[in-house]
K.L.:
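Handing you this structure, nothing more for now.
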Amino acid sequence: MKNQGYYSQFGGAYIPEILASTFDELETAYIEARDDPAFWQEYLDLMSTYSCRATPITRLDNLSEQLGGASIYVKREDLNHTGAHKVNNVMGQGLLTKRMGKTRVIAETGAGQHGVATATMAAKFGFDCTIYMGAHDVARQRPNVFWMEQMGATVVAVTEGSQTLKDAINEAFRDWVTNMDDTHYALGTACGPHPFPEMVSWFQSIIGTEARQQMLDRTGVLPHRVYACVGGGSNAMGLFSGFMDDKEVELVGVEAGGRGRGSGEHAARLAYDDATIGVAQGYKTYFLQDRDGQMQDTHSVSAGLDYVGVSPILSHLHETKRVRFEAATDDDVVAAMQRTVRCEGLIPALESSHAFAQAYLEAPQMSPEENILINMSGRADKDIFTVADAIADPKWRDFIIQKAAAYQMENLNG
Amino acid sequence: MKNQGYYSQFGGAYIPEILASTFDELETAYIEARDDPAFWQEYLDLMSTYSCRATPITRLDNLSEQLGGASIYVKREDLNHTGAHKVNNVMGQGLLTKRMGKTRVIAETGAGQHGVATATMAAKFGFDCTIYMGAHDVARQRPNVFWMEQMGATVVAVTEGSQTLKDAINEAFRDWVTNMDDTHYALGTACGPHPFPEMVSWFQSIIGTEARQQMLDRTGVLPHRVYACVGGGSNAMGLFSGFMDDKEVELVGVEAGGRGRGSGEHAARLAYDDATIGVAQGYKTYFLQDRDGQMQDTHSVSAGLDYVGVSPILSHLHETKRVRFEAATDDDVVAAMQRTVRCEGLIPALESSHAFAQAYLEAPQMSPEENILINMSGRADKDIFTVADAIADPKWRDFIIQKAAAYQMENLNG
Amino acid sequence: MADQSKPRATPQDAPRATPQATPLEQYIRDKRAQKDLLLMTHIVLGYPSFDDSRRVVEDMVEAGVDLMELQIPFSEPMADGPVILKANAEALKAGATVEQSFELAEKLTAEFDIPFLFMTYYNILFCHGVEKFVKRCTDIGIQGCIVPDLPPSEGAEYLDAMHAANLSPVHIFTPNTTAPRMQTLDQNSAGFIYTVARKGVTGKDTEFSTDLADYLQTCREHTRLPLAVGFGVKSRGDIDFLRGKADIAVVGSETIRVLENEGVSAVKPFIESLTAA
Amino acid sequence: MADQSKPRATPQDAPRATPQATPLEQYIRDKRAQKDLLLMTHIVLGYPSFDDSRRVVEDMVEAGVDLMELQIPFSEPMADGPVILKANAEALKAGATVEQSFELAEKLTAEFDIPFLFMTYYNILFCHGVEKFVKRCTDIGIQGCIVPDLPPSEGAEYLDAMHAANLSPVHIFTPNTTAPRMQTLDQNSAGFIYTVARKGVTGKDTEFSTDLADYLQTCREHTRLPLAVGFGVKSRGDIDFLRGKADIAVVGSETIRVLENEGVSAVKPFIESLTAA
Ligand SMILES: Cc1ncc(COP(=O)(O)O)c(C=O)c1O
Ligand SMILES: Cc1ncc(COP(=O)(O)O)c(C=O)c1O
């Protein structure tokens with residue numbers, strides 16, 4: 001273990017001693033894979049046959065016209081197998097796990113998206129699989145739990161702490177420190193100890209590499225701004241990395257504004273002023289924490305952005321001002337989602353809808369000659385319980401109540 | 001209107017007089033589009049930017065090995081936008097609707113898949129949209145109804161007849177005979193009056209055209225057998241059409257065997273002996289009907305195959321023996337679905353799982369040098385209520401009961 | 001066939017029999033010589049029961065109806081609106097068969113001295129065997145058929161059999177029907193032409209307006225046969241409007257609605273309210 | 001630094017002080033001259049309350065504990081198992097702050113004549129300011145720190161401050177730790193080396209076996225410092241096993257488990273049961 005994996009002051013690997021050699025092994029495997037062109041080719045082949053890469057770019061014809069400013073393009077990560085960009089990272093780590101000769105994978109999950117992707121990868125590669133998920137999230141996201149279990153994964157409901165994503169991460173580390181010999185921890189976002197932020201960003205860079213070329217092919221020019229939502233930061237890093245060296249392209253990361261600035265109920269680490277630098281979950285970054293360094297409860301309508309920390313690489317890009325950070329509130333996000341569904345027939349995940357909300361705010365101020373690109377990191381149709389609750393659909397409630405009554409009746413009848 | 005659209009004795013256009021000119025107009029528009037290479041190009045562009053065509057071919061590495069016979073490949077229509085092959089047809093008809101200058105689309109839907117696809121197309125093209133859906137199906141498939149409504153479609157619960165797919169079709173025709181001037185009826189499968197069977201098959205032929213080339217690129221040879229489930233027949237016609245002229249490729253259509261041969265509870269029109277030739281819903285084909293010609297109740301675990309009729313083109317191919325028809329029972333289908341999920345990380349729709357079930361039965365008898373191709377017409381993750389019921393998952397029931405209790409509490413509290 | 005060189009028929013003209021007039025057409029022309037507007041009603045056989053169907057027919061005939069459509073129930077009545085649709089479904093649910101419909105129809109033609117037509121969907125004929133079906137019609141005294149989902153292009157076997165039997169295959173003119181198409185339909189029809197007064201299925205409201213008068217005028221110009229007007233006729237006012245513009249007023253869904261809401265015994269007074277001079 | 005040319009220390013040898021021995025190391029060596037195995041216990045400050053923490057410390061000292069780890073609660077104790085995890089969470093829920101932990105620690109070091117170490121996660125130091133934290137330790141008489149998520153590679157500032165203050169930064173050897181890595185850790189440590197007897201988090205069972213003896217032998221070979229053994233020590237038998245193989249037995253989760261199940265007053269008898277000669 002060396003002191004490395006820093007992006008200005010952010011990053012590092014603050015890990016229990018027992019994982020030191022596991023991280024050395026992981027880093028070695030990662031570097032060897034990165035330096036081996038055959039590995040990336042294998043990865044590309046897998047992603048183009050098992051998922052549908054390259055995912056397309058869709059122009060929002062109706063909303064571009066309605067909003068009357070920039071032309072809006074969308075990178076369609078929602079079309080991936082399992083419905084989100086998460087699978088890019090997971091399949092890459094699956095190949096790496098195979099390379100390291102390990103036979104079991106574990107992962108944390110918040111909304112369940114990364115859990116489903118990991119369980120899928122495990123089924124595909126024949127690995128044993130355990131997914132850690134906050135008990136609150138297990139209760140909220142049963143459909144995802146259902147599919148993980150169908151894939152053969154063991155889903156552990158984490159009853160510690162706030163029972164959400166960060167606690168699931170802690171619990172996954174606790175598993176790992178016991179089972180590191182045969183187990184790889186497939187962390188789901190560009191956070192955690194080095195080399196995860198860099199490695200996850202590398203796998204996700206497939207998004208940006210494709211998107212840059214696709215925008216050039218489609219419009220002849222680079223987009224003026226690109227938008228991505230930021231939870232841990234993996235989809236944002238994935239898209240942004242394609243445009244990092246194109247100084248003329250403005251990169252906009254959109255965090256969960258929850259109930260708004262000053263409400264204390266949000267997950268905006270970089271866009272608002274509430275976060276401070278700290279070290280937790282194995283890395284140094286901006287965290288929503290109190291003065292003692294205790295992590296605080298966060299809030300977002302989207303489970304996938306509801307997280308206390310953020311990719312150290314994004315904290316760095318925030319400080320260097322290469323990326324502009326904004327936050328979208330729950331209400332604006334739900335409105336942006338509904339608008340996108342109704343006007344374009346696309347169903348962005350609530351996470352992704354943060355990027356849409358910010359883009360819709362800015363597009364009208366831009367000229368029709370300009371193009372913007374939004375990362376649609378996932379689709380919302382798996383989050384129907386959350387979405388139906390967010391918009392308080394009475395018919396959905398009636399349906400659930402009736403369905404429950406039918407189940408209770410069957411239970412009674414044996 | 002001419003006497004045409006026949007495939008040996010099957011097909012035709014048995015329509016109310018009031019639709020005669022509407023069908024003339026539709027047929028003209030269809031023929032013009034078919035003869036206009038720019039139209040197909042526009043269609044391909046749309047499908048490759050709005051959906052993710054070409055959809056890939058995935059090899060089932062684990063199951064090919066486990067079953068120990070033919071190599072199994074899968075055409076991934078589940079990766080399409082909205083999660084099934086239905087969108088191919090719908091987008092094509094959307095372009096045609098625009099060409100005809102109409103501003104409203106209607107459709108029938110069983111499981112809801114075609115309804116969601118049509119509502120999506122309407123949102124994308126800016127059409128008004130009404131979806132007819134049997135009241136039974138509305139109750140069973142609330143998630144799909146929810147999304148259709150979010151897309152701005154009006155969903156009409158059809159309370160007539162058996163309250164399922166065929167009744168929804170009748171009801172859609174009733175709407176059409178009133179509103180044909182501004183309305184196009186986007187029929188969802190390769191059934192109904194001419195030119196629907198041919199036109200829908202044409203749009204779906206994108207599947208087979210891609211798949212044939214992909215199999216050649218991937219394996220160097222044509223597959224020995226290809227499998228597709230058969231409801232109305234659109235995904236089957238789509239895939240089969242790519243191999244129709246390759247006499248050495250055996251085409252296998254798999255119908256809903258429900259509770260099995262002789263049970264009277266199935267929807268196997270061609271594989272079992274219960275169906276006879278009749279005329280209903282505007283076309284002549286094999287129907288599950290009584291001696292008077294009254295349509296009978298059908299049964300299948302998958303709403304999308306639970307239909308009394310079948311594409312007249314498939315009836316023709318059945319008689320000429322170009323296509324072999326089999327039926328898979330509910331139990332085998334659920335088992336095949338679960339096996340595919342667990343061993344490969346793919347989640348085939350219950351409809352598609354019929355094709356998987358039959359392929360799994362036959363693959364072990366074939367040689368490892370042979371290849372087979374299964375059409376994965378859709379993904380099951382939207383059908384979680386049905387799937388959870390089909391496998392009677394107790395945790396799912398508990399979840400729904402708890403969710404309902406929470407809603408009831410909130411209702412009480414105002 | 002109509003002689004196209006003649007001056008246009010005006011609605012005021014009493015229709016003249018065409019050369020090969022079927023018994024049904026002849027009946028209508030004879031009756032029209034006495035009455036300026038005939039009344040045709042419609043029932044679904046076996047709804048709510050075959051006994052009730054018989055009673056309703058009796059009442060209708062007594063109330064002065066001139067001819068009747070007897071609908072053989074079908075499970076997929078795609079051209080019918082909610083009222084008739086439900087009647088079809090209920091009849092089938094109660095076990096109605098095609099054979100029972102034949103049997104009742106045979107009794108009715110024997111007992112009542114007005115023409116009866118079958119209305120049903122093509123699958124009923126197809127599954128029975130088209131020729132056999134037409135022969136049966138002849139045998140039991142049915143004078144014509146309306147098969148709304150069988151355009152002439154699909155109906156060669158049916159048309160041949162009907163013409164051979166001198167029965168009347170009735171076709172439908174709609175507000176969408178073009179002039180050439182009207183001619184085709186006319187050529188393939190006998191007895192009368194059924195014009196539907198608006199788009200849509202049975203049982204919905206029609207606006208009885210100048211547009212409708214113009215439309216009927218156009219229909220008249222394109223057929224040599226008497227004209228019936230259906231879809232939405234339900235009151236004395238509607239009937240009065242049609243007088244002089246058509247030969248037959250068809251009351252369909254409204255009778256069933258009355259039957260459903262007020263019972264079998266309410267049908268007769270309802271029909272009387274329409275026909276009373 | 002340990003003189004690498006010396007013959008290997010055997011477990012039987014009483015450890016000798018290294019040239020720059022910290023007061024903590026010196027204390028351990030002195031105490032070991034009298035006792036063949038020292039006992040270190042662990043509590044979470046503020047759990048269930050700061051008053052209780054004080055009482056437990058008092059009881060433990062009376063029961064003969066030789067040194068103590070005081071864990072400053074942290075919201076993300078990634079290296080701790082369920083028992084200590086819960087204690088952290090409960091302490092925080094009851095409002096425990098870092099300042100209160102300092103205050104209680106200051107009282108404890110004043111009142112009781114054994115060395116106290118802080119155990120906590122790096123963020124607590126980082127947010128407080130590392131140098132300030134170390135200075136505060138000095139001021140309140142804390143003799144060492146265990147920071148399980150701070151490897152030496154990330155801990156330059158911390159190590160510099162600790163060494164400068166002559167405090168003991170304690171690092172951990174695990175069954176996975178390679179020989180070169182042990183040397184690195186040894187070089188960066190003072191006071192003692194904490195060896196964990198198995199993989200995993202705190203509070204789970206360890207098999208006290210020949211493997212363990214071999215492992216401890218290896219640890220001994222790679223450090224000049226006294227050896228503490230933790231993770232899973234919970235009975236008189238475990239302690240007897242360690243006698244002669246290590247210098248310090250650490251009882252961590254088990255005390256908290258006793259406290260939790262049987263109350264504060266049960267802690268003393270439990271510790272006495274472990275230490276009674
Ligand atoms: C669809 C989707 N988008 C975005 C995120 C946020 O993660 P990240 O910031 O790592 O892209 C998630 C996490 O669950 C997600 O499911
Ligand atoms: C996923 C899927 N597959 C198959 C079908 C059956 O339709 P078809 O036979 O037209 O392909 C449906 C119909 O809803 C479907 O949703």
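Below, chain A is the first sequence line, B the second, and so on; all start at residue 1.
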K.L.:
Looking only at non-hydrogen atoms, find the nearest pair between B:Ala13 and C:Pro151 and report the distance.
P.N.:
O-CG, 3.5 Å
K.L.:
Chain C heavy atoms under 4.5 Å from B:Ile277: which part of the residue, side chain, backbone, both or neither?
P.N.:
both
K.L.:
Mind checking the OG1-CZ spacing from B:Thr276 to C:Phe126? Nearest 0.5 Å is all I need.
P.N.:
8.5 Å
K.L.:
In the structure I gave you, are the side-chain heavy atoms of B:Glu171 and C:Leu85 within less than 4.5 Å of one another anywhere?
P.N.:
yes
K.L.:
If you define the side chain from C-beta out and look only at heavy atoms, does anything of C:Arg181 sit under 4.5 Å from B:Ser21?
P.N.:
no
K.L.:
About how many Å separate OG of C:Ser75 and NZ of B:Lys166, when rounded to the nearest 0.5 Å?
P.N.:
5.5 Å
K.L.:
With side chain to side chain donor-acceptor pair (under 3.5 Å) as the test, would you mind laying out the steps for C:Glu154 and B:Tyr283 before giving the verdict?
P.N.:
CA-CA 10 Å; C:Glu154 307 287 2; B:Tyr283 68 111; over 6 Å; no
K.L.:
Where the side chain of B:Gln294 meets the backbone of C:Pro73, is there a donor-acceptor pair that is under 3.5 Å apart?
P.N.:
yes
K.L.:
Is B:Gln289 close to chain C through its backbone or its side chain, or both, or neither, when contacts mean heavy atoms under 4.5 Å?
P.N.:
side chain
K.L.:
Who among B:Gly161, B:Gly278, B:Ser162, B:Ala172 has the most heavy-atom pairs with chain C under 4.5 Å?
P.N.:
B:Gly278
K.L.:
Counting only heavy atoms not in C:Glu131, do more than 12 fall under 6.0 Å of its CD?
P.N.:
no
K.L.:
For the CE atom of B:Met295 and the CG atom of C:Asn123, what is their distance to the nearest 0.5 Å?
P.N.:
4.5 Å
K.L.:
What part of C:Thr97 lies closer than 4.5 angstrom to a heavy atom of chain B: side chain, backbone, both or neither?
P.N.:
both
K.L.:
Can you measure from CE (C:Met78) to CG (B:Asp167) and round to the nearest 0.5 angstrom?
P.N.:
12.0 Å
K.L.:
Where on C:Ile172 is there a heavy atom nearer than 4.5 Å to chain B: the side chain, the backbone, both, or neither?
P.N.:
both
K.L.:
At a 4.5 Å cut-off on heavy atoms, which part of B:Glu160 comes close to chain C: side chain, backbone, both, or neither?
P.N.:
side chain
K.L.:
Where on C:Ile72 is there a heavy atom nearer than 4.5 Å to chain B: the side chain, the backbone, both, or neither?
P.N.:
neither
K.L.:
Do side-chain atoms of B:Arg174 reach the backbone of C:Ala79 as a donor and acceptor pair under 3.5 angstrom?
P.N.:
no
K.L.:
Test B:Glu17 against every option in C:Asn176, C:Thr174, C:Leu150, C:Asp149 by the side chain to side chain contact (heavy atoms under 4.5 Å, CB included) rule and name the one that passes.
P.N.:
C:Thr174
K.L.:
Output the distance between atom NE2 (C:His128) and atom CG (B:Asp292), rounded to the nearest 0.5 Å.
P.N.:
9.0 Å
